[in-house]
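Below, read A as the first sequence line, B as the second, and so on, with proteins coming before strands; counting in each chain starts at 1.
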Protein chains: 2
Amino acid sequence: MAAQRHVTMNDVAKRAGVSLKTVSNVVNGYRFVRDATRRKVLDAIDELGYSVNVVAKSLREGRSNVIGISLPDMRLPYFAELYSCLAGEARAAGRRVIFAPSGVSRTNELDVLHGSFASLIDGLILSPKYLTGGDADKLNVDYPIVLIGEQMRTNARDRVITENEHGIYRATASLVAKGCRRIAVVGVGGKGVASEPMRLRGYRHALEDTGIALDTSLEIPADIWYQPAGADAVGVLFRDGLRVDGIVCMNDLLAMGVMQELRRRGVLVPDDVKVVGYDDSIDAQYFAPSLSSVDPDLRSVARTAIALLCARIDGVDPSSIDALRSVIPSPNASSQTTVSSVAPSVTAASESSESPAASRTGSYVVSRTGSSRSDAAANSGTPESVTGYVTVTVPSKLVERESTAVR
Amino acid sequence: MAAQRHVTMNDVAKRAGVSLKTVSNVVNGYRFVRDATRRKVLDAIDELGYSVNVVAKSLREGRSNVIGISLPDMRLPYFAELYSCLAGEARAAGRRVIFAPSGVSRTNELDVLHGSFASLIDGLILSPKYLTGGDADKLNVDYPIVLIGEQMRTNARDRVITENEHGIYRATASLVAKGCRRIAVVGVGGKGVASEPMRLRGYRHALEDTGIALDTSLEIPADIWYQPAGADAVGVLFRDGLRVDGIVCMNDLLAMGVMQELRRRGVLVPDDVKVVGYDDSIDAQYFAPSLSSVDPDLRSVARTAIALLCARIDGVDPSSIDALRSVIPSPNASSQTTVSSVAPSVTAASESSESPAASRTGSYVVSRTGSSRSDAAANSGTPESVTGYVTVTVPSKLVERESTAVR
DNA sequence: CTGAAAGCGCTAACAC
DNA sequence: GTGTTAGCGCTTTCAG
């Protein structure tokens, strides 16, 4: 039997014939311990199979080195991939990860924020589904939060978003470049997907910029961005007797449903219709025919989000962190290009006028918003004052494959 | 500002004008508290935005209500789905879930078991990748463990497995029933997949039982069960100049790669070759053509694993738990059908002799193994003695779709 | 039914 | 360099 129940530091101290504090010193890598003493302690630890009780440590230190992650649904490849990246980056940053699903219900999301889950974590990475811009005050908690995605639009938060508009813009433009002239978009009105307005905007701007007239009958709704909805969308297109030569899908699952249904109806991809998706999920390249898709670069999203959160936890200015330095403007710099202007609501299609050119560039863009210090800074030892909240936009790129090939 | 930093029970007690203990009583639903008192406390809690500090609670109680989950790779649909199910079932059981990736390295897996991660959890659900049967003693820790899958074969553990052999057996037999006579299997020798021998056995038995001669040149290896390997396998089949009319894939990812490559080479599915996969991953039905696949019923796997683990944590005999009652033989019953006889090693193809008929049935089967009490029972208040370890086999079923259709 | 005191395992002051 | 003490927020005796 290797491990007894609850081997404590005290047990180790006794076994090694030293004091409790010395054991603590060794365990925590305190430098000024005699080599002989250290060895004794280490041996005792080995013999007893001791490992620190992080619960006690957490209670005492007031921090746990655990990061909370709250995402809607792991079964969606997008979130599975995102989670995987976040867990990896957290691990690399020396933190553990604890998961609480969001998106179960509004109550559930509020409970994640305000319930006892919070006492387990030093900070939270949140991708809410039910909370909206109006709930901004619900985020006033005593630990730092980094939001991922467009949901819950408020400036007064650190946030990492992907280049939604630009991504779809390029996807659409690439279809035009390949000769498509009647291009449908599938996924309009997607429920609970805050990035839908940006994506629709990207589609429309691409058509405008390439001189193709908008035709709203080609903007096919899909409540749930899931394969069956993609199949249904094709049904709608056929029912209306519309001829299209290109279809932009707001995510890969829709695209798979679309391609499946096209095939069933004897339409060839890419010969008759070219299809492009969004997310570049792992299946996209192994789908038949392989699917061109917009890669949101979730690894960068994760790296940025974790770095940002860790900075806040440590009460450190994000711009002093390596992983963020290249991405965050210096505190002194005047306000940067503002990206993805705050949509007042998720009313989609109506106001297609803003969309600053900046969002069509291909590099990290950051905007500084708000001015309140991070709450974390208030109780961190670090006197370093923390500047305003930050929104990082991670560039996405189009990956071209068979489904948009020219033959 | 809703929440101040660290509102404590003491704060609530002062605010409500009662003692600390009374607050504790209210929070923990102790029955004998005057209604008026309870109301005062509840009001104070609301006003202050108090929620219990589960870290302190854990330290004091010696248990955290957190279940550890350690799986290899969330990007594989199989594990994403499994994780999602586990998290849902844990939630339903009133426990939180904390994740630590396994499969990073052997050291990492040992660290999950013996490192400080353990002090955060009451019990662990583990699907190891590097630890093998020889490491059985590494599982001697002071908290209960439930293993999922075939990896790390040892009787002296609670374990939930799926009906691997039977699943592939039926998949193969269904191809035969549809007229296939030269049936390949893809995925032989899959590295780090302990269920591979069972699956290969299922394939072979199905051929034997239907009177088709084995041809080992049709058993195509694939180290990694991933799309590219599936594509490669088709390459191998072609290179050898072999004609096949059916392909059994050891998982869906392989099947997708196979179908992709077949298509590229102008082979029609299901007309020329029928293909069947394993896992019934969410994409299987939206792949084109939709993929017949074996559904391992991960929701049942998760439900069983969580129920089993919770029983051990609570020091309760699993057979007294509702979710398990129908599945676990009564402690008094003599030893049940033994399922999936313990393979002495993962040497795959060599000993295809055992495989009891039981594993081809379609219902839950349980074997009792070992006799040691759960360690958990030793320090649980419950005097109820815990019986030997249990292996639950969850039945899987074949879902037939387009890729095996007869035309 | 309610209050006071002890202690879960650890770290941070401060002695020695 | 090392030992001693107090206390993180909570539950649990044990009195009242």
Ignoring the backbone of [X], work out which of [options] is nearest its side chain.
| X | options | result |
| --- | --- | --- |
| T37(A) | dC10(C), dT2(D), dT12(D) | dT2(D) |
| E61(A) | dG3(C), dT11(C), dA6(C) | dT11(C) |
| M9(B) | dG9(D), dA13(C), dT11(D) | dT11(D) |

Is any side-chain nitrogen or oxygen of [X] closer than 4.0 Å to OP1 or OP2 of [N]?
| X | N | answer |
| --- | --- | --- |
| R34(A) | dT2(D) | yes |
| Y50(A) | dC10(C) | yes |
| N28(B) | dT11(D) | yes |
| S19(A) | dT2(D) | no |
| T22(B) | dG3(C) | yes |
| T8(A) | dC10(C) | yes |
| K57(A) | dT11(C) | yes |

What's the [atom1]-[atom2] distance between [X] and [N], to the nearest Å?
| X | N | atom1 | atom2 | value |
| --- | --- | --- | --- | --- |
| I45(B) | dG9(D) | CD1 | C1' | 14 Å |
| L120(B) | dG9(C) | CG | C1' | 13 Å |
| K14(B) | dT2(C) | NZ | P | 19 Å |
| R60(B) | dC8(D) | CZ | C1' | 14 Å |
| N65(B) | dC10(D) | CG | P | 16 Å |
| N25(A) | dG1(D) | CG | P | 12 Å |
| L20(A) | dT11(C) | CG | P | 9 Å |
| L59(A) | dT11(D) | CG | P | 12 Å |

One thing to verify: whether [Y] and [X] come together as a salt bridge, which I'm taking to mean a side-chain N less than 4.0 angstrom from a carboxylate O.
| X | Y | result |
| --- | --- | --- |
| R63(B) | D142(B) | no |
| D73(B) | K129(B) | no |
| R15(A) | E47(A) | yes |
| D43(B) | K40(B) | no |

More 5' along DNA chain C: G17(B) or N10(A), using each one's nearest nucleotide?
G17(B)
With heavy atoms under 4.0 Å as the rule, sort [X] into base, sugar-phosphate or nothing.
| X | answer |
| --- | --- |
| V55(B) | nothing |
| V54(A) | nothing |
| V52(A) | sugar-phosphate |

If you take all heavy atoms of Y83(B) and Y83(A), which pair is closest and at what distance?
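Closest heavy-atom pair between Y83(B) and Y83(A): OH-OH, 3.7 Å.
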Would you say the side-chain atoms of N10(B) and K14(B) include a donor-acceptor pair closer than 3.5 Å?
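Absent: no donor and acceptor within the cut-off.
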